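Let me begin by presenting the structure, written as structure tokens, before commenting on it.
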Amino acid sequence: MRKPKIVVLGAGYGGLMTVTRLQKALGQEEADIVLVNKNDYHYETTWLHEASAGTLHHDRVRYDIDNVINRSKVEFIRAEVQDIKTDEKKVILNTGEIDYDYLVFALGGESETFGIQGLKEYAFSISNVNAARQIREHIDYQFATYATEVEKKDERLSIVVGGAGFTGIEFLGELVNRVPELCREYDIDYAKVRIYCVEAAPMVLPGFDPELVQYAVALLEKKGVEFKIGTAIKEATPEGIKVAKGEEEMQEIKAGTVIWAAGVRGNHVIEKAGIDNMRARVKVNPDLRAPGHDNIFVIGDSSLIINEEINRPFPPTAQIAMQQGEVCARNLVKLVRGTEGELETFKPDIKGTVCSLGDNDAIGVVFGKKLTGTKASFMKKMIDNRALLMIGGPSLVLKKGKFNFI
Ligand code: FAD
């Protein structure tokens, strides 16, 4: 009998969790497992704000996929996924096409610009390792140019972060530590630097405990961040951004660097494939399959799960992507083996959330307990290390883990 072929798209948190669980659970004779990813490495998306600010080298945030897959059980294809022909059970890659019996879509999310003019052209987004390197180098370049130009353009030293959600705040936490170093490196007066956080919503870190948010805002303000809350970015231009607060007149903020960190959507390949979606996210069935597609699982940032307590979608997180990977793998094993009974229902188990504010500060709620400062920062590093442990075991933690606890 022909073995079923499981194709997993994406070697992020969700994809690698699925593959590492499948390779343990299934024998070689039970199924062919194929993993497709753009690069031959995995990157820790949750660490990209550090590489973007330049507080962590970009090589620290990635590791070779070969470190965690068993090549005798998993075929790895380095390629870019372009489309899925669901009727023909085929994935179209930039290098050719492959067929599947079961598909796991785990290509992550993309930046959502909500149609704001100029953002795609003039703003950066913290989306992958190379984008992070580009942001770091761009900021460096602005400081170096300022230091050497005769007619100084102060706006080169202005940095705008669009969005006071998780990504925006974590990036700012790194930036306020990196900028003083840059000033020293390039002999620049720190007073000349302006760092803005522009947020359309009336609050910072929506959904977070208000006391913890206050802690984060006070800390970032003390280190020089100017918050513009309830202020919408209307346009990005080569010179900076245009903003408006309520009915007030539009204002311009000139800035050499604009980072857009305010929105996530699913992966565009979902839309191209014609699978029902909302902003490229698939409202999956309880067993993580796409409605109407019994052989396609969608996990991670391209999936949408409703938090019934508040009747709103869960925010896309690595925590959820990894938990989905485990359930997805177990459900695939059931399908491959034709085991009786229903597939497992996915229920997120939110153990806590920690938002870092630089290397040794953070805020968070873990197992219902509020934490700030070094304790929260310690927890954040433990969470980062746990993700490595879950996917690659203790050897990966030793190789890539964070142990700078003080
Ligand atoms: P990803 O981990 O993003 O992986 C997707 C993979 O697919 C990547 O390897 C990518 O290269 C590959 N890929 C994409 N497109 C293609 C293609 N067309 N062809 C082939 N391969 C492709 N979440 C938390 O839980 N805690 C945090 O503290 C946290 N902090 C964050 C900080 C930042 C700066 C950011 C940006 C996000 C943060 N998140 C955090 C969110 C978290 O990173 C995402 O929810 C998580 O990465 C989603 O996992 P995923 O498996 O869906 O996709």
Side-chain angles (χ1 to χ4, degrees), residues 7-19 35-53 56 61-63 65 76-84 91-95 104-111 124-132 135 161 163 165-175 259-270 272-273 280-282 298-304 314-325 328 348 350-357 362-364 376 379-381 383-384 386-387 391:
V7 175
V8 179
L9 306 179
Y13 295 101
L16 278 191
M17 202 65 183
T18 308
V19 167
L35 172 66
V36 181
N37 196 61
K38 232 183 235 178
N39 313 299
D40 55 5
Y41 57 83
H42 159 94
Y43 52 81
E44 297 291 312
T45 309
T46 61
W47 304 9
L48 286 179
H49 56 289
E50 298 169 72
S52 302
L56 189 70
V61 311
R62 60 179 166 189
Y63 56 81
I65 288 168
F76 174 65
I77 300 178
R78 180 180 175 175
E80 190 169 325
V81 179
Q82 295 183 332
D83 201 356
I84 301 162
V91 180
I92 313 301
L93 307 173
N94 61 335
T95 52
V104 179
F105 190 97
L107 293 181
E110 291 173 355
S111 175
F124 297 95
S125 85
I126 303 174
S127 48
N128 56 48
V129 173
N130 289 329
I135 293 169
V161 176
F166 214 84
T167 305
I169 295 297
E170 287 205 318
F171 177 65
L172 283 163
E174 298 300 321
L175 200 60
I259 315 286
W260 178 245
V264 182
R265 69 197 319 277
N267 192 290
H268 71 280
V269 173
I270 284 283
K272 223 170 150 192
R281 299 180 74 197
V282 178
V298 182
I299 60 172
D301 284 4
S302 288
S303 71
L304 190 132
F314 277 101
T317 62
Q319 187 174 185
I320 289 184
M322 290 174 71
Q323 291 176 8
Q324 287 178 321
C328 174
I350 309 298
K351 294 182 169 54
T353 311
V354 183
C355 175
S356 78
L357 301 169
I363 52 170
M379 275 316 295
K380 180 75 180 179
K381 286 166 190 158
I383 293 167
D384 288 347
R386 184 174 179 271
I391 290 174

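These numbers come from a predicted model, not from an experiment. In listed order, ligands and their atoms are each counted from 1. Position 1 is the first residue of the sequence; numbering continues from there.
- Inter-residue side-chain proximity for Ile320 and Ile350 is flagged as met; some heavy-atom pair is nearer than 4.5 Å.
- The part of Ala79 lying near ligand 1 is the backbone, judged by heavy-atom distances below 4.0 Å.
- Residue contacts with ligand 1, taken as heavy atom pairs separated by less than 4.0 Å, involve Phe166 solely via side-chain atoms from C-beta onward.
- For atom 12 (C) of ligand 1, the nearest non-hydrogen atom from the set Ile77, Leu107, Asn37, Leu93 comes from Asn37.
- Taking only nitrogen or oxygen atoms, main chain and side chain alike, Gln319 reaches within less than 3.5 Å of ligand 1.
- Comparing heavy-atom distances from atom 43 (O) of ligand 1 across Thr45, Val269, Ile350, Val264 singles out Thr45 as nearest.
- When each of Ile77, Ile65, Leu9 is checked for a side chain to side chain contact (heavy atoms under 4.5 Å, CB included) with Leu35, only Ile65 meets the rule.
- Residue Tyr13 places at least one N or O, backbone or side chain, under 3.5 Å from an N or O of ligand 1.
- The option with the heavy atom closest to atom 45 (O) of ligand 1, from among Asn128, Asp301, Leu16, is Asp301.
- By the 3.5 Å distance cut-off applied to N or O atoms, Lys380 is counted among the residues near ligand 1.
- Tyr13 has its side chain out of reach of Thr317: every pair of non-hydrogen atoms, C-beta onward, lies at least 4.5 Å apart.
- Inclusion of Leu48 in the set of residues having an N or O under 3.5 Å from an N or O of ligand 1 is not warranted.
- Note: an N/O pair closer than 3.5 Å links Ala318 and ligand 1 by distance alone.
- Contact detail for Ala387 and Glu44: the closest heavy-atom pair is CB-OE1, 4.2 Å.
- Contact annotation for Tyr43 and ligand 1: only side-chain heavy atoms (C-beta onward) come within less than 4.0 Å of the ligand.
- The two residues Gly109 and Val264 come nearest to each other via the heavy atoms CA-CG1, 4.3 Å.
- Looking at every heavy atom in both residues, Tyr43 comes nearest to Ser127 through OH-O, 3.7 Å.
- Applying the 4.0 Å criterion to heavy atoms of Ile126 picks out, from ligand 1, the atoms 36 (C).
- Within ligand 1, the atoms closer than 4.0 Å to a non-hydrogen atom of Gly10 are 7 (O), numbered from 1 in the order shown.
- In summary, the atoms of ligand 1 found under 4.0 Å from a heavy atom of Asn267, numbered by their order in the structure, are 15 (N).
- The residue among Thr167, Asp384, Thr353 with a heavy atom at the shortest distance from atom 34 (C) of ligand 1 is Thr167.
- Interface of Gly300 with ligand 1, defined as ligand atoms under 4.0 Å from a residue heavy atom, comprises 52 (O).
- The shortest distance between side-chain heavy atoms of Ser356 and His49 falls below 4.5 Å.
- Near Glu170, the atoms of ligand 1 lying under 4.0 angstrom from a non-hydrogen atom of the residue are 30 (N), 31 (C), 32 (C).
- Closest heavy-atom contact between Ala376 and Val354: O-CG1, 3.5 Å.
- Set against the non-hydrogen atoms of Gly14, the atoms of ligand 1 under 4.0 Å away are 51 (O).
- His42 approaches Ala11 most closely through the heavy-atom pair ND1-O, 2.8 Å.
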